[in-house]
Amino acid sequence: AEYEKRINDEHELFKALEAVKDTDAHTADGERISVCVNIGNPSDLDSADCKFDGVGLFRSEFLFSSEKEMPTCDEQTEAYREVIKAASPNYVTIRTLDVGGDKQIKYLNMQKEENPFLGERGIRLMLNNPDVFKTQIRAILIAAADEKVKIMLPMITSLDEIRAAKKIIAEVQAELESGKIAYCKEPLVGIMIETPASAIMADVFAKHADFFSIGTNDLVQYIMAADRGNYQVENLYNPYHPAVIYMLNNIIRAGRDANIEVSVCGDLAANTDFTELLLGMGLKKFSVPQPMASRIKYKISGINLDEARELKYRALAAEDETEVKNILKKIK
């Protein structure tokens, strides 16, 4: 009887998802919310069966997966252009090469590290390999010559990193200008908020970024000092921890105060336990795996923002993970 009920519930949910999949996302009280998709390959958009508001995270690592050599500028340009054209007129947010940690590339001569998750990864690796970074930026700008694009910098911890990356982007633009090559003259340049440093400094970083995208997978890992791939501490990798709730609220508030866009592209964007909380904090944009887009839109459609804000205050007042979880799951 229990399984029959679950099957019937799933059938009803499927009907509800079908009803919202080709519509824009709105809360129950009419607030427009953006729901974007995360992709790792241009072909991921071929199977899209749900209306979405652009690509909130395009992981560019697939282009660099060869064992022997780096992709050429032309190869990268072709891949970026394919996605940008497919998503137009919506934005595509391209994350610059984010390797290190559990992702290694042989031809970059990455050194063996005692703790790679705290080592040379993300923007750190790119700033130490400016030729690789410049080639990728050049490809992105050329691909978006007649369109619009967002460039997202991963693993940011300091203002110096943002300035250094922007300087390189400006250098590439100057080179394209002097070479009379068509390129995107005004890309939006934003950062992933996935380290405690960037979360704490969100007020300052918001003055130097066009947008924030919260990478909750790494953010939770670093806040909790618990490797998300280590089963021995998986109980500590807990997104319901009050510290995570405080950090999320701080980041979203900082973005709102600076009038820049804030999205969540990590696992919590697709976790329906957190949808109402994030809306209550003021989040206006979710970026989720493609199969979750309809489910998140349906979840959003049943949420009233006044109730969501009340939920936020209760969650922020909670003192431990169990209390937060019970509040979000609405367990008495």
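Quick note: numbers below take in every heavy atom, side chains included, and nothing from hydrogens, waters or symmetry partners.
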Considering only residues two or more places apart or on different chains, which pairs with a residue in [range] satisfy salt bridge (Lys or Arg N to Asp or Glu O under 4.0 Å)?
{"range": "residues 151-160", "result": "D160-R163"}
{"range": "residues 288-310", "result": "D306-R309"}
{"range": "residues 84-94", "result": "K85-E147"}
{"range": "residues 268-282", "result": "D273-K329, E276-K330"}

Pairs where residues 190-200 contributes a residue and the test side chain to side chain donor-acceptor pair (under 3.5 Å) is met, not counting sequence neighbours: T195-S198
Among residues at least two apart in sequence or on other chains, which ones pass side chain to side chain contact (heavy atoms under 4.5 Å, CB included) with [X]?
{"X": "L127", "value": "I123, E161, A164, I168"}
{"X": "A143", "value": "T77, Y80, R81, I84"}
{"X": "C265", "value": "N38, L57, M192, S213, S287"}
{"X": "E175", "value": "K134, R138"}

Shared-cluster residues of L17, by chain and number - hydrophobic side chains joined below 4.5 Å: L13, V20, Y298
Could you list the donor-acceptor pairs under 3.5 angstrom formed by side chains in residues 320-327, with sequence neighbours left out?
unit_1, atom_1, unit_2, atom_2, d
D320, OD1, T322, N, 3.1
D320, OD1, E323, N, 2.7
E323, OE1, E319, N, 3.1
N326, ND2, T322, O, 3.4

Return all side-chain donor-acceptor pairs below 3.5 angstrom for residues 245-257, not counting sequence neighbours, or 'none' if the list is empty.
unit_1, atom_1, unit_2, atom_2, d
N250, OD1, R253, NH2, 2.8
N250, ND2, A199, O, 2.7
R253, NH1, D203, OD1, 3.3
R253, NH1, D257, OD2, 2.9
R253, NH2, D203, OD1, 3.4
R253, NH2, D203, OD2, 3.2
R256, NH1, M281, O, 3.1

